[in-house]
Amino acid sequence: MADYKMEAAKAALQLIKPGQTIGVGAGSTIANLLGLIAADKDLAASLTFATSSFKTAALIMEYDFRLVGSEHVKHIDIYFDGCDQFDAQLNALKCGGGIHTSEKIMASLADEFILIGDDSKAVEKLDITYPLVLEVLPTALQLVNQWLLKHIPTAKTTMRMSTQKDGAVITENGNYLLDVYFTEPMEIAEMDAVKMVPGVVEHSLFVDLAGRAIIAGESGVRILTPR
Ligand code: 5RP
């Protein structure tokens, strides 16, 4: 069976020019892209990388690429990242990693944010498969829960808990993660509004940030732009 994530990564590689600063997120498609870059030694030696992901940073170090810390990176030429699902306007939900705050900072620093992955991620309108994830200041936990109960009473909210220790998952910023599952598809603006609740650091919906999406599937590789 064809490896669609690898096909998408190969198409992404074509967009990278020597000397650029490349931002990379997390996931298997990103790992494929880094493997392809590593195979082109001249290109790899000319690039500088920045990443929002601890795991991806470890991979970058393994390849011995130049890595600049996220607090020091001033400009990114292209930020590539996977996602869980994106719609026709390339609004993307990024839920699995719980690192969406750093990912959004990188995407916003970049000249261009490009989504990459297999074509199962592309939908006309975001559905309810994935939760909207909120990074929440610990002191705002009750306020955010109360706001959700009042404004979206049908939503089911769970705190992301650690499987390796007793207690909540704590983000790299020292905050909690709330997974908000909707019972019916929501409008983008309704989900985006959650950002305004005091204590919500970021949510995992990337609105109007991606300029292109490179996806691969049975019908080949497609490069999509917001409709
Ligand atoms: C996590 C993400 C990841 O980028 C996404 O899950 C990676 O997907 P894949 O492994 O299919 O490339 O958004 O929040």
Side-chain angles (χ1 to χ4, degrees), residues 1-13 15 22-37 49-60 70 76 78-87 90-110 112-123 126-136 158 160 163 169-173 175-181 188 191 194-195 200-218 221-224:
M1 194 186 139
D3 184 345
Y4 296 134
K5 292 181 186 183
M6 181 57 84
E7 293 309 310
K10 282 180 187 165
L13 179 70
L15 302 180
I22 300 298
V24 276
S28 49
T29 321
I30 291 297
N32 287 341
L33 177 60
L34 290 173
L36 292 169
I37 293 171
F49 290 87
T51 185
S52 43
S53 154
F54 183 89
K55 259 170 112 172
T56 303
L59 192 55
I60 289 171
S70 24
I76 293 171
I78 309 176
Y79 178 66
F80 292 103
D81 206 348
C83 69
D84 297 304
Q85 198 173 65
F86 67 86
D87 69 11
L90 308 193
N91 297 312
L93 267 175
K94 294 178 51 54
C95 307
I99 55 169
H100 53 268
T101 301
S102 333
E103 292 175 328
K104 220 177 258 191
I105 291 168
M106 293 251 154
S108 304
L109 263 177
E112 191 177 12
F113 168 35
I114 302 181
L115 293 163
I116 56 174
D118 63 78
D119 67 2
S120 67
K121 320 244 175 190
V123 293
L126 298 176
D127 60 31
I128 57 170
T129 310
Y130 297 97
L132 180 72
V133 189
L134 311 182
E135 179 167 0
V136 173
T158 57
R160 206 171 283 190
T163 53
V169 168
I170 304 296
T171 70
E172 68 275 29
N173 307 309
N175 299 317
Y176 295 145
L177 292 169
L178 293 186
D179 287 312
V180 184
Y181 285 92
I188 295 295
M191 289 192 272
V194 179
K195 176 76 193 294
V200 172
V201 178
E202 263 306 341
H203 59 63
S204 63
L205 177 64
F206 287 50
V207 182
D208 284 340
L209 277 170
R212 281 185 275 187
I214 302 176
I215 51 169
E218 263 178 32
V221 174
R222 285 183 293 155
I223 300 186
L224 308 177

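Order of appearance sets the numbers: ligands from 1, and atoms from 1 within every ligand. In what follows, every heavy atom counts, from backbone to side chain, and hydrogens, waters and symmetry copies are set aside.
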**Q** Below 4.5 Å, heavy atoms only, C-beta onward: do Leu59 and Val24 meet side chain to side chain?
**A** no

**Q** Is His100 touching ligand 1 with its side chain, its backbone, both, or neither, if touching means heavy atoms under 4.0 Å apart?
**A** neither

**Q** Against Arg160, only a single residue in Leu178, Ile170, Val133 fulfils side-chain contact (heavy atoms from CB on, under 4.5 Å); can you say which?
**A** Val133

**Q** Determine whether any heavy atom of Cys95 lies closer than 4.0 Å to an atom of ligand 1.
**A** yes

**Q** When you look for heavy atoms under 4.0 Å from ligand 1, do you find them on the side chain of Ile116, its backbone, both, or neither?
**A** neither

**Q** Provide the number and element of each atom of ligand 1 under 4.0 Å from a heavy atom of Lys5.
**A** 9 (P), 10 (O), 11 (O)

**Q** Strictly under 4.0 Å, does any heavy atom of Gly25 approach an atom of ligand 1?
**A** no

**Q** Checking Ser120 against Tyr4: is there a side-chain donor and acceptor pair closer than 3.5 Å?
**A** no

**Q** Looking only at side-chain N and O atoms, does Tyr79 offer a donor or acceptor that is under 3.5 Å from a partner on Asp81?
**A** yes

**Q** Any side-chain heavy-atom pair from Ile114 and Ile223 closer than 4.5 angstrom?
**A** no

**Q** Heavy atom to atom 14 (O) of ligand 1, shortest distance: which of Ser52, Gly97, Gly82 holds it?
**A** Gly97

**Q** Of the protein's non-hydrogen atoms, which lies at the shortest distance from atom 2 (C) of ligand 1, and what is that distance?
**A** Lys94 NZ, 3.5 Å

**Q** Flag the pair Phe49 / Thr51 as yes when at least one side-chain heavy-atom distance between them is below 4.5 Å, and no otherwise.
**A** no

**Q** Can you tell me which residue and heavy atom of the protein come closest to atom 12 (O) of ligand 1, and the distance to 0.1 Å?
**A** Thr29 OG1, 2.6 Å

**Q** Are Met6 and Leu36 side-chain neighbours, meaning at least one heavy-atom pair lies under 4.5 Å?
**A** yes

**Q** Out of all atoms in ligand 1, which are within 4.0 Å of some heavy atom of Asp84? Include the element for each.
**A** 6 (O)

**Q** Should you measure from each heavy atom of Ala26, which atoms of ligand 1 turn up under 4.0 Å away?
**A** 3 (C), 4 (O), 7 (C)

**Q** Could you tell me, atom by atom, which parts of ligand 1 come under 4.0 Å of a heavy atom of Asp81?
**A** 4 (O)

**Q** Can you list the steps and then say if Leu115 with Leu224 is a side-chain contact (heavy atoms from CB on, under 4.5 Å)?
**A** CA-CA 9 Å; Leu115 293 163; Leu224 308 177; over 6 Å; no

**Q** How many angstroms lie between atom CD1 of Ile99 and atom CD of Glu202, to the nearest 0.5 angstrom?
**A** 13.5 Å

**Q** Numbering the atoms of ligand 1 from 1, which are under 4.0 Å from a heavy atom of Gly27?
**A** 7 (C), 10 (O)

**Q** Would you mind running through ligand 1 and noting each atom that sits below 4.0 Å from a heavy atom of Lys121?
**A** 8 (O), 9 (P), 11 (O)

**Q** Where on Ser28 is there a heavy atom closer than 4.0 Å to ligand 1, on the side chain, on the backbone, on both, or on neither?
**A** both

